[in-house]
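This report refers to the structure that appears directly beneath it.
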Amino acid sequence: MTIQTAAHKAPVHTVGTDHTPASPRALAWQHLALMSFAVVWGFSNVVTNFANQGLSVIFSWIIIMAAYFLPYTLMVGEMGAGFPEARSGVAAWIRSTLGSGWAYLCGWTYWVVHIPYLAYKPLSLLVAADWATQGAGGTLARYPVWGVQLAALLVLLGFIWLATRGIRPVKVLGTAAGAASFLMGLLYILLMLAAPALRSAQVATPRMTSLSTYLPHLDLSYFTSIALLVVAVGGAEKLSPYAASMRDSRRGFPQGLIAMAMLVAFSAVLGSLAMGMMFDVNHMDAKTLADFKTNGQYLAFQKLGQYYGVGNAFMVAQATANLVVHAAILLISIDAPLRMMLAEADERHVPQALRRLNEHGAPVNGYLLTAALVAPLLLLPVLGVDSLTELFTDLLDLNAVVMPMRYLFVFVAFIAMRRLVRRPALGPDTRLVRSDRLAVAMGAWCFVFTVLACLLGMIPVNVPFGTASWWGKLALNLVTPLALVSLGLIMPLIAERQLGLPRR
């Protein structure tokens, strides 16, 4: 589809048109594996979920990997192979199966749920820089909150500018981040597992050889924490817009995701085991546990350095690696969700100005809209937030509520593809399973599981039940997702008015 413009002096590249600059096929499956590992996984996932469940999280990881993460990843791989030229990933898959209206809703939802995430990520990057340069945390707390927020906003704008340079910065930074993240995680696992034998380190968690240590208590607190596990392993589809930039998208895309899944499973299970050897979260008081959730990854590498007599060397290395990882995730999170929304959008749903591309194939005006929506969240202190800890908590809670909504479209797209589409491209070598019925059942299972995990995650567990704070947080958890999705109804009205179409 080509959009005609009023001026004919020079062609205006628009997302989704025949004049869209072709993406260079610069990515091999190894690049994709490391980029997706950096996006999906992080050492903080080990720390956060270990803090919530202790060593029983290993049981949870095994179940979630086998019953949810592996089929989820294979579904994304199959759809990437089945639609190898799709430039907008999930949105293109939805468009090919359910039409442009649903594709727009998918793209909008996927993009808009990243707004709280993009407000939080620059702060994480500043914290990593704090640990890397100062050798300790807490330095940022000495500065006025507005100063830290201004610095975070400048970081965001800098990465938005970097995103306008096209696919090459994404490839370079994403590959480096994935390699750094995996190598640091591997270093921690190997050195910690060897520490009792090599350095006479004491194992912190008692009864690690007992099976009961790894069995969870099936209470409300446990079930509400499942949402964190789902968020931890989700996000492989964020790399789907880059399938068209792969050298061999039909085989390379699934291969890269399968390699990523193996790295994640290895890091989750053995990383949690190593954490249990170093920390006993079952006997931490509330303050210590809260500090551990915030800074646990840096404290772990700091303690590892003490075991091996190298001081803060490991901690600084982890903070530096984390700096690269946060930078890559921030860049990919600015770029990929926006491409999902815009690349398959037509003139009835998204105004032409947002779909214009620069000479590098980047939707610059879309980046500006992203900055305009994220900036208010980065300026929350003017609304009464007066501490950095409170700001971090608010943004983390908001992100945890809205982010899982994007996964639902993956399963809808997969079910629709296997039910509605008969394409020669979907040969036996690209299918998750040969049976369409079994494939649809797996997609439906993952959809229902995600919905249940999200609903349980909305229940406040850290405030007294029935209090005003409990009801207020519950209302926020319910209203925020609905409000963000509802905002997407405005864009088609603007687009149709520009086209002079009658109101529907």
Side-chain angles (χ1 to χ4, degrees), residues 30 33-51 53-62 64-66 69-70 128 131-132 135 175-210 213-214 229 232-233 256 258-281 292-293 295-326 328:
Q30 295 92 336
L34 292 174
M35 288 169 62
S36 57
F37 181 79
V39 168
V40 170
W41 195 250
F43 199 77
S44 60
N45 288 327
V46 175
V47 172
T48 301
N49 289 283
F50 174 74
Q53 298 187 22
L55 278 175
S56 66
V57 77
I58 293 178
F59 175 87
S60 302
W61 282 132
I62 293 173
I64 204 79
M65 294 292 174
F69 179 54
L70 183 58
W131 279 90
T175 302
S181 179
F182 177 71
L183 290 176
M184 291 306 299
L186 180 63
L187 177 70
Y188 177 78
I189 290 170
L190 294 179
L191 291 182
M192 188 58 232
L193 293 180
L198 296 181
R199 311 300 296 181
S200 300
Q202 296 296 315
V203 176
T205 304
R207 302 175 64 226
M208 286 194 65
T209 58
S210 173
T213 303
Y214 302 90
L229 297 172
V233 299
I258 290 172
M260 177 273 294
M262 295 173 62
L263 296 179
V264 168
F266 173 86
S267 301
V269 174
L270 293 184
S272 299
L273 183 65
M275 292 295 292
M277 296 174 64
M278 181 176 280
F279 300 101
D280 180 11
V281 295
F292 180 74
K293 288 181 179 181
N295 299 306
Q297 56 182 313
Y298 304 113
L299 297 173
F301 278 91
Q302 191 173 54
K303 199 169 185 179
L304 191 67
Q306 294 172 3
Y307 287 159
Y308 286 88
V310 296
N312 285 335
F314 290 148
M315 184 272 292
V316 172
Q318 167 62 10
T320 304
N322 233 13
L323 195 60
V324 178
V325 170
H326 287 313

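When side chains are defined from C-beta on, Leu186 counts as touching Phe266, because their heavy atoms get closer than 4.5 Å. Inter-residue side-chain proximity for Leu229 and Val233 is flagged as unmet; no heavy-atom pair is nearer than 4.5 Å. Side-chain contact between Phe314 and Gln306 is absent, with no heavy-atom pair separated by less than 4.5 Å. Here the side chains of Asn322 and Tyr298 are in contact, with some heavy-atom distance below 4.5 Å. A heavy-atom distance below 4.5 Å is found between the side chains of Met278 and Leu304. A heavy-atom distance below 4.5 Å is found between the side chains of Met208 and Leu273.
Ring pair Trp41/Trp61 is perpendicular by interplanar angle, where above 60° counts as perpendicular and below 30° as parallel. Relative ring orientation between Tyr188 and Phe301 is described as tilted, the plane-to-plane angle lying within the 30° to 60° band.
Between the CZ atom of Phe43 and the CD atom of Gln318 there is a distance of 6.5 Å, given to the nearest 0.5 Å. One distance of note links CZ of Phe37 with CG of Leu263; it measures 5.5 Å at 0.5 Å rounding. Rounding to the nearest 0.5 angstrom, the gap separating the CD1 atom in Ile189 from the CE atom in Met184 is 11.5 Å. Rounding to the nearest 0.5 Å places CZ of Phe50 at 9.5 Å from OG of Ser56. Rounding to the nearest 0.5 Å places OG of Ser60 at 11.0 Å from CG of Leu55. Atom CG in Asp280 sits 4.5 Å away from atom OG1 in Thr205 (nearest 0.5 Å).
Gly296 and Val47 get closest at one heavy-atom pair: CA-CG1, 3.8 Å. The nearest pair of heavy atoms linking Ala328 to Ala177 is CB-CB, 3.3 Å. Nearest approach of Ala132 to Ala319, heavy atoms of both residues: N-CB, 3.5 Å. Of all the heavy atoms in Gln297 and Ser44, the pair that sits closest is NE2-CB, 3.8 Å. The minimum heavy-atom distance linking Pro196 with Met277 is given by the pair CG-CE, 3.3 Å. Across all non-hydrogen atoms, the minimal contact from Thr175 to Met35 is N-CG, 3.7 Å.
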So Met65 and Val264, side-chain contact (heavy atoms from CB on, under 4.5 Å) or not? Walk me through it. CA-CA 9 Å; Met65 294 292 174; Val264 168; 3.6 Å; yes

What verdict does the side-chain contact (heavy atoms from CB on, under 4.5 Å) test give for Val316 and Trp131, after you've listed the backbone C-alpha separation in whole Å, the side-chain angles of each residue and the deciding distance to 0.1 Å? CA-CA 7 Å; Val316 172; Trp131 279 90; over 6 Å; no

Chi angles and distances behind the side-chain contact (heavy atoms from CB on, under 4.5 Å) call for Lys303, Phe279: CA-CA 10 Å; Lys303 199 169 185 179; Phe279 300 101; 4.2 Å; yes

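Shown here are the side chain to side chain contact (heavy atoms under 4.5 Å, CB included) partners of Gln30, two or more places apart in sequence or in another chain: Ala28. Not counting sequence neighbours, Leu183 has no partner by the side chain to side chain contact (heavy atoms under 4.5 Å, CB included) test. For Ile62, the side chain to side chain contact (heavy atoms under 4.5 Å, CB included) partners at least two apart in sequence or on another chain are Ile58, Val269.
Atom OH of Tyr307 sits in a crowded spot, with more than 12 heavy atoms from other residues, nucleotides or ligands closer than 6.0 Å. Within a 6.0 Å radius of CE in Met262, no more than 12 heavy atoms belonging to other residues, nucleotides or ligands are found.
Within the 3.5 Å criterion, the main-chain N or O of Gly178 finds no donor-acceptor partner in the side chain of Ser181.
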